[in-house]
Structures are given as C-alpha cells and as structure tokens.
**Student:** 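Please read through the structure below; I'll follow up with questions.
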Amino acid sequence: MYKRKLFFIIAVVTTALLCSALSGQAASIKDRMLARIPAINALKDKGAVGENNKGFLEFRTSDKSEQKLVAEENKDRKSVYGAIAKNQQVDIVLVGQRRAKQISAKGSKGHWFQKPDGTWYKK
C-alpha cells in the first residue's frame with residue numbers, strides 16, 4: 001500500500017513538472033514569435049517572403065539575408081502545429097494547411113500568399 005501511494009505521488013509530481021515545463025516552452029515560443037513580427041512584416045512588405053500553402057514562410061526573392069530569422073520562425077511554427085496536431089489527433093500537414101488559409105484570409109494587402117494549387121498571388 002505504501003509503495004502504491006509513493007508511486008502515485010511520484011507520478012503526480014512528475015506530471016506536474018512536465019506540464020509546467022511544456023507550458024513554459026509554449027510561452028517562450030509565443031514570446032519569440034511575437035518579437036519577430038516586425039522583422040517578418042518588413043520582409044513581407046519588401047516582397048522577400050510570402051506565406052506558403054503549408055503555413056510557413058517562404059522566400060520569394062534571391063535575397064535570403066534573413067534566412068536565420070525565417071528558419072527560426074518556421075521552426076517555431078512547426079512546433080506549434082505539432083502540438084495542435086497532437087491535441088486534435090490530426091496530421092501536422094493538415095494543421096499547417098488550415099493555418100495557411102487563416103493567414104491568407106487575414107493577411108495584409110501587398111503581401112504574397114500561395115494558393116492550395118501552388119500558385120502565388122499578391123493580395
């Protein structure tokens with residue numbers, strides 16, 4: 001009986017610590033993504049990047065001077081999409097495609113977006 005209670009307590013504490021760590025990780029991803037918005041919008045305004053039909057940023061020009069920024073944003077988006085996919089028990093690709101539709105619907109005039117068929121358009 002004592003071992004069973006001890007195991008239960010350890011399991012609860014471990015779960016609480018794991019949830020706390022994941023919550024902290026989600027907050028840091030959100031903070032990083034929010035901090036990048038001005039730089040990403042500047043790239044979109046120049047036409048250097050667009051939003052592809054998979055929910056990720058994609059270069060539209062040969063100027064890839066901000067490659068690290070775009071890679072970091074896409075990495076964080078992939079993490080977010082993965083968490084959503086796991087929560088909803090769907091494929092991560094579907095989550096990205098759904099997000100791409102939302103992004104293009106709310107996107108700013110003058111920015112580039114990719115249609116589901118792969119063609120690009122400027123809003």
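Excluded from the calculations below are hydrogen atoms, water molecules and symmetry mates; all remaining heavy atoms, backbone and side chain alike, are included. Given the structure is predicted, the values throughout are model-derived calculations rather than measurements.
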**Student:** Going through the checks in order, is the side-chain contact (heavy atoms from CB on, under 4.5 Å) test met by Glu72 and Arg77?
**Tutor:** CA-CA 9 Å; Glu72 289 171 350; Arg77 288 185 185 192; over 6 Å; no
**Student:** If you measure from NZ on Lys75 to CE on Met33, what distance do you get to the nearest 0.5 Å?
**Tutor:** 13.0 Å
**Student:** For the side chain to side chain contact (heavy atoms under 4.5 Å, CB included) test, which of Lys122, Lys123, Lys44 pairs with His111?
**Tutor:** Lys44
**Student:** How close do Lys115 and Tyr121 get, heavy atom to heavy atom, and via which atoms?
**Tutor:** CG-CD2, 3.6 Å
**Student:** Work out which heavy atom in Ala85 is nearest to a heavy atom in Asp91; give both atom names and the distance.
**Tutor:** CB-C, 4.0 Å
**Student:** Do the side chains of Ile103 and Ile84 join up, straight or via other hydrophobic residues, at under 4.5 Å, putting them in one cluster?
**Tutor:** yes
**Student:** If you round to the nearest 0.5 Å, how far is CZ of Phe113 from OG of Ser108?
**Tutor:** 6.5 Å
**Student:** Show the nearest heavy-atom pair for residues Gly47 and Thr61, with the distance to one decimal.
**Tutor:** O-CG2, 3.6 Å
**Student:** Test side-chain contact (heavy atoms from CB on, under 4.5 Å) on Val70 and Gln67; report intermediate values, then the result.
**Tutor:** CA-CA 5 Å; Val70 171; Gln67 194 165 8; 5.9 Å; no
**Student:** How long is the span from the CD atom in Glu73 to the CD1 atom in Ile40, to the nearest 0.5 Å?
**Tutor:** 3.5 Å
**Student:** When hydrophobic residues are tied together by side-chain contacts of less than 4.5 Å, even through go-betweens, does Phe59 share a cluster with Leu69?
**Tutor:** yes
**Student:** Which heavy atom in Gly55 sits nearest to a heavy atom in Ala100, and how many Å separate them?
**Tutor:** N-CB, 3.5 Å
**Student:** Would you call Lys101 and Glu51 a salt bridge, taking side-chain N to carboxylate O under 4.0 Å as the test?
**Tutor:** no
**Student:** Using the rule that Ile, Leu, Val, Met, Phe, Trp and Tyr join whenever any side-chain heavy atoms are under 4.5 Å apart, tell me whether Ile92 and Ile29 fall into a single cluster.
**Tutor:** yes
**Student:** Using the rule that Ile, Leu, Val, Met, Phe, Trp and Tyr join whenever any side-chain heavy atoms are under 4.5 Å apart, tell me whether Val80 and Leu57 fall into a single cluster.
**Tutor:** no
**Student:** So which atom in Pro38 and which in Ala35 form the shortest heavy-atom distance, rounded to 0.1 Å?
**Tutor:** CD-O, 3.5 Å
**Student:** Identify the heavy atoms of Arg60 and Val49 that sit nearest to each other, and give their distance.
**Tutor:** CG-C, 3.7 Å
**Student:** Apply side chain to side chain donor-acceptor pair (under 3.5 Å) to residues Glu58 and Asn52 and explain how you reach the verdict.
**Tutor:** CA-CA 6 Å; Glu58 190 172 317; Asn52 71 20; 3.1 Å; yes
**Student:** Look at Asp76 together with Lys30 and state whether they make a salt bridge at an N to O cut-off of under 4.0 Å.
**Tutor:** no
**Student:** Does Lys78 make a cation-pi contact with Phe56, if we ask for NZ or CZ under 6.0 Å from the ring centre and within 45° of the axis?
**Tutor:** no
